[in-house]
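First up is the structure itself, then whatever we jot down about it.
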Amino acid sequence: QPSIEVTAVSKRYRAVVAVDRLSFAVRPGEVTGFVGPNGAGKSTTMRVIVGLDTPDEGQALVNGVPYRSLRRPLTQVGVLLDASAVHPGRSARDHLLWLAHSNRLGRRRVDEVLELAGLAAAARRRAGGFSLGMRQRLGIAAALLGDPAVLVLDEPVNGLDPEGIVWIRGLLRSLAAEGRVVLVSSHLMSELEDTADHLLVVGRGRLLADVGVAELIERA
Ligand code: ADP
Ligand code: ADP
């Protein structure tokens with residue numbers, strides 16, 4: 001079973017406590033929304049999960065091991081962070097071909113994810129000319145390239161137009177329905193309330209709520 005488990009993770013940057021003894025587990029087969037205001041610690045937590053930041057305390061495990069111990073990580077975890085870098089001079093397709101090649105993935109998958117991301121028509125345009133919404137689509141295509149069972153997506157809705165928002169909702173729903181672990185952050189509850197099955201609410205680095213959306217609605 002794919003999984004993400006965060007156990008008592010703390011991370012500070014000098015005087016700033018970005019993440020404060022955060023613990024949660026993300027279940028497969030659900031969209032889990034990671035919600036809180038800007039600065040709440042969502043990105044830091046996600047960077048810790050994918051091994052880009054080292055926690056001061058605690059640990060994060062993906063599929064039972066630290067991210068850095070995963071073999072062929074791209075095939076196990078798809079990651080979208082807002083720092084996700086794309087060479088501006090490269091076409092979308094060349095970017096994905098380069099990623100596929102360096103991770104020993106087949107070329108055929110590149111055209112599949114371009115299609116999934118709605119970028120087939122723009123595949124040969126240089127990424128440097130892309131709108132923010134198209135760059136998000138390209139980042140999501142890259143995250144899906146290795147067909148991973150775990151997805152960690154930081155603010156994937158940012159920059160998407162209304163059509164893109166409908167698209168990402170359907171995509172997240174179907175990825176979860178396939179039994180994947182889908183962790184998606186947003187600073188807006190409204191972005192995820194119709195999409196997420198489960199919410200992890202954070203504020204000032206702390207977990208404020210860990211609740212099923214159905215349960216939340218019943219209580220309201
Ligand atoms: P969120 O993703 O919820 O907006 P972040 O994890 O980006 O929150 O940030 C949490 C806090 O940690 C903020 O106060 C932010 O300014 C700070 N922070 C994040 N990354 C760094 C960093 N590399 N250096 C210093 N402070 C940072
Ligand atoms: P988010 O979109 O989640 O709010 P941020 O804008 O906080 O993300 O962070 C974007 C990048 O800037 C991250 O790589 C983070 O580490 C870095 N960063 C954030 N806050 C600070 C800070 N106060 N000092 C230095 N780097 C920071």
Side-chain angles (χ1 to χ4, degrees), residues 3-27 30-62 66-68 70 73 77-86 131-133 135-140 142-144 148 150-160 164-165 168-169 171-172 175-176 180-213 216:
S3 64
I4 296 173
E5 290 167 87
V6 170
T7 309
V9 164
S10 293
K11 177 73 187 178
R12 54 173 70 229
Y13 298 102
R14 295 175 181 272
V16 178
V17 179
V19 178
D20 188 6
R21 288 164 286 167
L22 201 59
S23 298
F24 59 83
V26 187
R27 283 188 285 261
E30 297 186 333
V31 175
T32 299
F34 194 28
V35 183
N38 286 320
K42 305 180 298 295
S43 298
T44 302
T45 303
M46 286 177 149
R47 286 200 305 270
V48 168
I49 291 169
V50 302
L52 292 173
D53 243 336
T54 312
D56 300 325
E57 288 162 55
Q59 66 170 3
L61 302 181
V62 182
Y67 181 89
R68 289 177 200 209
L70 290 171
V77 190
V79 180
L80 174 76
L81 297 174
D82 59 12
S84 302
V86 178
S131 65
L132 179 55
R135 273 184 278 144
Q136 287 285 48
R137 286 174 180 267
L138 180 54
I140 290 162
L144 295 174
V150 175
L151 289 149
V152 177
L153 308 175
D154 196 5
E155 301 270 1
V157 179
N158 266 3
L160 291 174
I165 292 172
I168 187 83
R169 287 190 170 150
L171 179 68
L172 296 172
L175 291 167
R180 294 176 217 253
V181 164
V182 183
L183 180 64
V184 190
S185 75
S186 175
H187 60 288
L188 292 174
M189 179 82 88
S190 58
E191 260 178 21
L192 293 177
E193 64 188 6
D194 295 334
T195 309
D197 304 288
H198 199 92
L199 292 174
L200 300 167
V201 183
V202 286
R204 299 187 182 194
R206 296 200 185 180
L207 194 64
L208 303 178
D210 180 343
V211 66
V213 171
L216 198 66

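For ligands, and for the atoms within them, numbers begin at 1 and follow the listed sequence. Note that the structure is a prediction, hence the values are computed from the model and not measured.
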Would you be so kind as to tabulate the donor-acceptor pairs closer than 3.5 Å made by side chains of residues 202-210, with sequence neighbours excluded?
unit_1	atom_1	unit_2	atom_2	d
Arg206	NE	Asp20	OD2	2.7
Arg206	NH2	Asp20	OD2	3.1
Asp210	OD1	His198	NE2	2.5

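Looking at Gly39 next to ligand 1, an N or O pair under 3.5 Å apart turns up.
Every atom of ligand 1 is numbered from 1 in the order shown, and the set under 4.0 Å from a heavy atom of Ser43 is 1 (P), 2 (O), 6 (O), 7 (O). Atoms of ligand 1 lying under 4.0 Å from any heavy atom of Ala40, numbered from 1 in the order shown and given with element: 1 (P), 3 (O), 8 (O). Heavy-atom proximity to Asn38, at under 4.0 Å, picks out these atoms of ligand 1: 4 (O). Under a 4.0 Å criterion applied to the non-hydrogen atoms of Val16, ligand 1 contributes the atoms 12 (O), 14 (O). Under a 4.0 Å criterion applied to the non-hydrogen atoms of Pro37, ligand 1 contributes the atoms 3 (O).
Closest of all the heavy-atom pairs between Val50 and Tyr67 is O-CD2, 3.1 Å. When every heavy atom of Pro156 is checked against every heavy atom of Leu160, the shortest pair comes out as O-CD1, 3.4 Å.
Checking Asp56 against Ser10 by side-chain atom types alone, no donor-acceptor pair falls below 3.5 Å.
Pairs of residues two or more places apart, or lying in two chains, that qualify as salt bridge (Lys or Arg N to Asp or Glu O under 4.0 Å) and include a residue from residues 190-199 are Arg173-Asp197.
Between the side chain of Thr32 and the main chain of Leu183, no donor-acceptor pair closer than 3.5 Å is present.
The closest approach between a heavy atom of Arg47 and any atom of ligand 1 is below 4.0 Å. In this structure, Gly41 counts as a contact residue of ligand 1, since one of its heavy atoms falls inside 4.0 Å of the ligand.
Both the backbone and the side chain of Thr44 come within 4.0 Å of ligand 1, counting heavy atoms alone.
Considering only heavy atoms from C-beta on, Leu172 comes within 4.5 Å of Leu153 through its side chain.
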